[in-house]
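Accompanying notes for the structure given below.
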Amino acid sequence: MAFIQTDTYTVRGYEADATGRLTLPTLMNWMQESANRNALDYGIGMADLTAHGLGWMLMRFRLTVHRYPAYGETCTVSTYPTRVEKYFIYRDFKVVSASGELLAEAASTWVTFAVERRAMVPLPDFIRRLHPPAVADPLPALPSKPDFSPPETPAQVHRRAIGWYDLDVNQHTNNVSYVQALLESMPEEFLRQKHLYELDLFFKAESHLYDQLVVHTWLTDGVGLHRLVQGADGRDVLWARSVWH
């Protein structure tokens, strides 16, 4: 069977930022929670993969936010897989207001990894047999290797240590913690005065408890290019592009 997950969330006080609007990390956590519930319906949840020595890993994520809901506003998050290939499963998200206004949408690409080897592996047969729902106008699949080449100018640098509450059940840093580190590296005037319209993420490697990450950011005319790297050896963890209005 094909399942579309639909969940309703209300913006609580601790989920709003200094402007009274929903924070981006909270929006992504809503999406992640709805995706987890949808995976359970398909029998491909975290526990199902753990039984096979596998885990889920997000590789690509592109989010567009048309409007951030305010404190007390109720929203609906819908998510569903759109296609399955040998190595990748694609998932879309839509967030709408109580009146049906499209607030945000996202496309994502997920892979499975072998927990012991910490290496990507082909999707197992029980996932590849999944039947995505028939939906109108699924978002295009994201390129697996986007070009986020930074300019040859000095970057703004921000450092972030990975703590216990950054980890998920796969024992690596949660995707949303990377986004929070990226946002906290931005100038205050951007966070107060601008709207983060689009965020495009390319996850390159894991990080773990006590790792020291360095966030490099280049800003040009409202567009940010970002690289999160391991402080110890300079290994890339995340490449990202942000667009601010």
Side chains of Y14 and T26: donor-acceptor distance under 3.5 Å anywhere? no
L54 pairs by side chain to side chain contact (heavy atoms under 4.5 Å, CB included) with which of I44, N170, D48, L49? L49
Begin from the C-alpha positions of E184 and H158 and carry the test side chain to side chain contact (heavy atoms under 4.5 Å, CB included) through to its verdict. CA-CA 8 Å; E184 289 172 351; H158 179 81; 4.3 Å; yes
If the condition is ring pair (Phe, Tyr, Trp, His ring centres under 6.0 Å), which residues does F190 pass it with, not counting sequence neighbours? W244
Are the side chain of D17 and the backbone N or O of G20 linked by a donor-acceptor pair below 3.5 Å? yes
With no hydrogens and no angle check, is any side-chain donor or acceptor of W30 less than 3.5 Å from a backbone partner on C75? no
Should the pair H195 and Y197 be assigned to parallel (<30°), tilted (30 to 60°) or perpendicular (>60°) ring geometry? tilted
Spell out, as yes or no, whether a donor-acceptor pair under 3.5 Å connects the side chain of D166 to the backbone of G163. yes
Side chains of T112 and M57: does their closest heavy-atom pair fall under 4.5 Å? no
Counting only N and O atoms by type, is there a donor-acceptor contact under 3.5 Å from the side chain of D236 to the main-chain atoms of L238? no
Could you check if a side-chain atom of T217 sits within less than 4.5 angstrom of a side-chain atom of R227, using non-hydrogen atoms only? no
Same cluster for Y210 and Y165 if Ile/Leu/Val/Met/Phe/Trp/Tyr side chains link at under 4.5 Å? yes
Do Y68 side-chain atoms and L196 backbone N/O form a donor-acceptor pair below 3.5 Å? yes
Is the distance from the ring center of F126 to that of H52 below 6.0 Å? yes
Kindly check if the number of other-residue, nucleotide or ligand heavy atoms within 6.0 Å of CD (E116) is above 12? no
Straight-line distance of T76 OG1 to D7 CG, nearest 0.5 Å: 8.5 Å
Taking C-beta and beyond as the side chain, do S242 and H226 meet within less than 4.5 Å on heavy atoms? yes
What residue pairs, at least two apart or across chains, pass salt bridge (Lys or Arg N to Asp or Glu O under 4.0 Å) with a residue in residues 207-217? none
Which atom of Q230 lies closest to which atom of S207, heavy atoms considered: NE2-CB, 3.7 Å
Could you walk me through whether L103 and V65 pass the side chain to side chain contact (heavy atoms under 4.5 Å, CB included) test, one step at a time? CA-CA 6 Å; L103 300 176; V65 183; over 6 Å; no
In terms of hydrophobic clustering (I, L, V, M, F, W, Y; side-chain heavy atoms under 4.5 Å; direct or indirect links), are L40 and Y9 co-clustered? no
Is the distance between the ring centroids of F148 and F202 under 6.0 Å? no
Are T74 and T8 side-chain neighbours, meaning at least one heavy-atom pair lies under 4.5 Å? yes
Can you run down the salt bridge (Lys or Arg N to Asp or Glu O under 4.0 Å) pairs that involve residues 83-107, sequence neighbours left out, and say none if there aren't any? R67-E101, K94-E105
Single-linkage hydrophobic cluster, 4.5 Å side-chain cutoff, V215 and L183 together: yes
Starting from V176, can I reach W164 by hopping between I/L/V/M/F/W/Y residues whose side chains sit under 4.5 Å apart? yes
Is it the case that the side chain of T6 and the backbone of S78 share a donor-acceptor pair, with hydrogens and angles ignored and the cut-off at 3.5 Å? no
Show the numbers, then the answer: is there a side chain to side chain contact (heavy atoms under 4.5 Å, CB included) between F61 and N175? CA-CA 10 Å; F61 185 83; N175 306 316; over 6 Å; no
Hey, could you give me each pair passing side chain to side chain donor-acceptor pair (under 3.5 Å) that has a residue in residues 134-146? Not counting sequence neighbours. none
Closest non-hydrogen atoms of A114 and V121, given as atom of the first, atom of the second and distance, are CB-CG1, 4.0 Å
With rounding to the nearest 0.5 Å, note down the distance linking OH in Y90 to CG in L139. 13.5 Å
Quick one: CE on M28 to CZ on F93, what's the gap to the nearest 0.5 Å? 8.5 Å
Which heavy atom in L201 sits nearest to a heavy atom in R60, and how many Å separate them? O-NH1, 2.7 Å
R160 side chain to V214 backbone, donor-acceptor under 3.5 Å: no
Nearest non-hydrogen partners of R21 and A70, listed with the distance: NH1-CB, 3.3 Å
So, Y80 side chain and Q5 main chain: donor-acceptor pair closer than 3.5 Å or not? no
Please examine the side chains of R235 and V229, heavy atoms only from C-beta on, and report whether any two atoms are closer than 4.5 Å. no
For residues V179 and L199, determine if any side-chain heavy atom of one lies less than 4.5 Å from a side-chain heavy atom of the other. yes
With side chains defined as the heavy atoms from C-beta onward, is the minimum distance between P143 and R62 less than 4.5 Å? yes
Specify the closest pair of heavy atoms between L58 and T109, including all atoms of both residues, with the distance to one decimal. CD1-O, 3.5 Å
Does S177 reach the main-chain N or O of T173 with its side chain, forming a donor-acceptor pair under 3.5 Å? no
Passes side chain to side chain contact (heavy atoms under 4.5 Å, CB included), L191 versus M186? Steps please. CA-CA 7 Å; L191 300 177; M186 297 296 293; 4.0 Å; yes
Who are the side-chain contact (heavy atoms from CB on, under 4.5 Å) partners of D147, not counting sequence neighbours? S149
Any side-chain donor paired with an acceptor under 3.5 Å for S34 and T79? no
Any non-hydrogen side-chain atom of I4 less than 4.5 Å from a side-chain atom of N38? no
For E198, what residues pass the salt bridge (Lys or Arg N to Asp or Glu O under 4.0 Å) criterion, not counting sequence neighbours? R241
CD of Q32 to CG of L27, rounded to nearest 0.5 Å, is 11.5 Å
Do H172 and F113 pass the ring-ring contact (aromatic ring centres under 6.0 Å, His included) test, and can you show the C-alpha distance, the side-chain angles, and the key distance before you say yes or no? CA-CA 12 Å; H172 59 203; F113 72 99; 5.8 Å; yes
Locate the shortest heavy-atom distance separating P81 from P133; write the atom from each residue and the value. O-CD, 3.3 Å
Say you draw a straight line from CD1 of I89 to OH of Y42; how long is it, rounded to the nearest 0.5 Å? 8.5 Å
Between the main-chain N or O of R12 and the side-chain N or O of E15, is there a donor-acceptor pair closer than 3.5 Å? yes
Stepwise, does the side-chain hydrogen bond (donor to acceptor under 3.5 Å, both in side chains) test hold for W110 with S108? CA-CA 7 Å; W110 300 76; S108 62; 2.9 Å; yes
With a 4.5 Å cut-off on side-chain heavy-atom distances among I, L, V, M, F, W and Y, is there a chain of contacts connecting W218 to L213? no
If you measure from CG on L24 to CG on L63, what distance do you get to the nearest 0.5 Å? 6.0 Å
